[in-house]
Amino acid sequence: MKNLPYAWLGVLTIAIAFLFYQNSDSASAGLGASTADGKRIVFVNSDSLLTNYQFYKDAQKEFENKGYRLQVDLGQKEQALQGELQAIQQRASAMTQAELQAADMTLKKKGAELQQYSQQKQAELGQEQAKKNEELYNNIRDYISKTNKANKYEFVLGYSKVGGGILFADPSVDVTKKIIEGLNKEYAETKGEKKEEK
């Protein structure tokens, strides 16, 4: 009974070696992809894809700039409100109780408006980012579907070193570089077309 795990380990080792041998034969036969039960399988490194896809880099820069501009805008509005509060505090001794209450109500209203404005602008930015993410994934999926007509892969898996569902991926079936080059070429062409339209 104590040797049972070792027996299973031996069987698994032989099975993995056999599968590896079969896959290396089919890859050397010109398939260009691993096969599992006759299925052509490749993978794309998701992390590399995102860090090297120009559309993603441009979108990231765009949203960093928009986020920065929003922070500056909100900061300026908050400073203006703080300035009003300080001005009222300086004049407080010369103001009547009714004037103080009116000023307090006005500041509270402006504070609530600023908070509502901030939430609205952040929600708009979030929606815009969600649309851009959808466009990103549509671009990738559409490109892979289009180019797959020639490759005839049955599965294109997304691999990530951290948190991915695939624990190991054989580098010989990594098509990340090819996909990135094609996506960047296509993006550069559409970006060029948009510049010509303006």
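For the single chain, residues carry numbers from 1 onward in sequence order.
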Hits for side-chain hydrogen bond (donor to acceptor under 3.5 Å, both in side chains) against E84, two or more places apart or cross-chain, chain-then-number order -> K110
Enclosure of Q54 CD (heavy-atom neighbours >12, cutoff 6.0 Å): yes
Sub-4.5 Å side-chain heavy-atom contact between L136 and Y53: yes
Does the side chain of I180 reach to within under 4.5 Å of the side chain of L49, using non-hydrogen atoms? yes
With a 6.0 Å cut-off (strictly less than), is the heavy-atom count around CD of E78, excluding the residue itself, greater than 12? no
Going from CE on M105 to CD on Q101, what distance comes out if it is rounded to the nearest 0.5 angstrom? 8.5 Å
Here the pair of heavy atoms bringing A169 nearest to F43 is CB-CE2, 3.4 Å
Looking at every non-hydrogen atom in both residues, tell me the closest pair between L81 and G111 and how far apart they are. CD2-CA, 3.7 Å
Does K77 qualify as a cation-pi partner of Y117, given the criterion of NZ or CZ under 6.0 Å from the six-membered ring centre and within 45 degrees of its axis? yes
Is the closest side-chain heavy-atom distance between V175 and Y153 below 4.5 Å? yes
How long is the span from the OH atom in Y137 to the CG atom in D142, to the nearest 0.5 Å? 14.5 Å
For a 4.5 angstrom cut-off between non-hydrogen side-chain atoms, does I179 reach L183? yes
Check N151 against K178 and note the closest heavy-atom contact, atom names and distance. OD1-NZ, 3.7 Å
Output, in order, the C-alpha distance, side-chain angles, deciding distance and verdict of side chain to side chain contact (heavy atoms under 4.5 Å, CB included) for V42 and L157. CA-CA 6 Å; V42 293; L157 307 174; over 6 Å; no
Is any side-chain heavy atom of K66 less than 4.5 Å from a side-chain heavy atom of Q129? no
Using modelled atom types only, decide if a donor and an acceptor are shared between the side chain of N45 and the backbone of T176 within a distance under 3.5 Å. no
Run the numbers on E62 and E128 for side chain to side chain contact (heavy atoms under 4.5 Å, CB included), then give the verdict. CA-CA 11 Å; E62 177 186 341; E128 196 177 332; 3.7 Å; yes
Within 45 degrees of the axis of the six-membered ring of Y143 and under 6.0 Å from its centre: does K146 put its NZ or CZ there? no
Where the side chain of S145 meets the backbone of R141, is there a donor-acceptor pair that is under 3.5 Å apart? yes
State whether a side-chain donor-acceptor pair under 3.5 Å links D58 with Y187. yes
Under the side-chain hydrogen bond (donor to acceptor under 3.5 Å, both in side chains) test against E124, which residue among Q127, Q120, Q122 passes? Q120
Here the salt bridge (Lys or Arg N to Asp or Glu O under 4.0 Å) pairs for residues 87-96, sequence neighbours left out, are none
Distance (rounded to the nearest 0.5 Å) between R69 CZ and N65 CG: 5.5 Å
Check side-chain hydrogen bond (donor to acceptor under 3.5 Å, both in side chains) between S48 and all other residues, then give those that pass, not counting sequence neighbours. none
Is the number of heavy atoms from other residues, nucleotides or ligands within 6.0 Å of NZ (K177) greater than 12? no
If you take all heavy atoms of L70 and L125, which pair is closest and at what distance? CD2-CD2, 4.4 Å
Reported NZ-to-CZ distance for the pair K191 and F55, which is rounded to 0.5 angstrom: 10.5 Å
Nearest 0.5 Å, what's the OG-CD distance between S118 and Q71? 10.0 Å
Closest approach of E99 and A94, non-hydrogen atoms and distance? OE1-O, 4.4 Å
Taking side chain as C-beta onward, heavy atoms only, is T96 less than 4.5 Å from L100? no
Q90 side, atom CD; M95 side, atom CE - distance, nearest 0.5 Å: 12.0 Å
Shortest non-hydrogen separation from I166 to G158 and the atoms involved: CD1-O, 3.4 Å
Take atom CD in E134; do more than 12 heavy atoms of anything else shown fall under 6.0 Å from it? no
Which residue in the set I144, T147, V173 passes side chain to side chain contact (heavy atoms under 4.5 Å, CB included) when paired with V156? I144
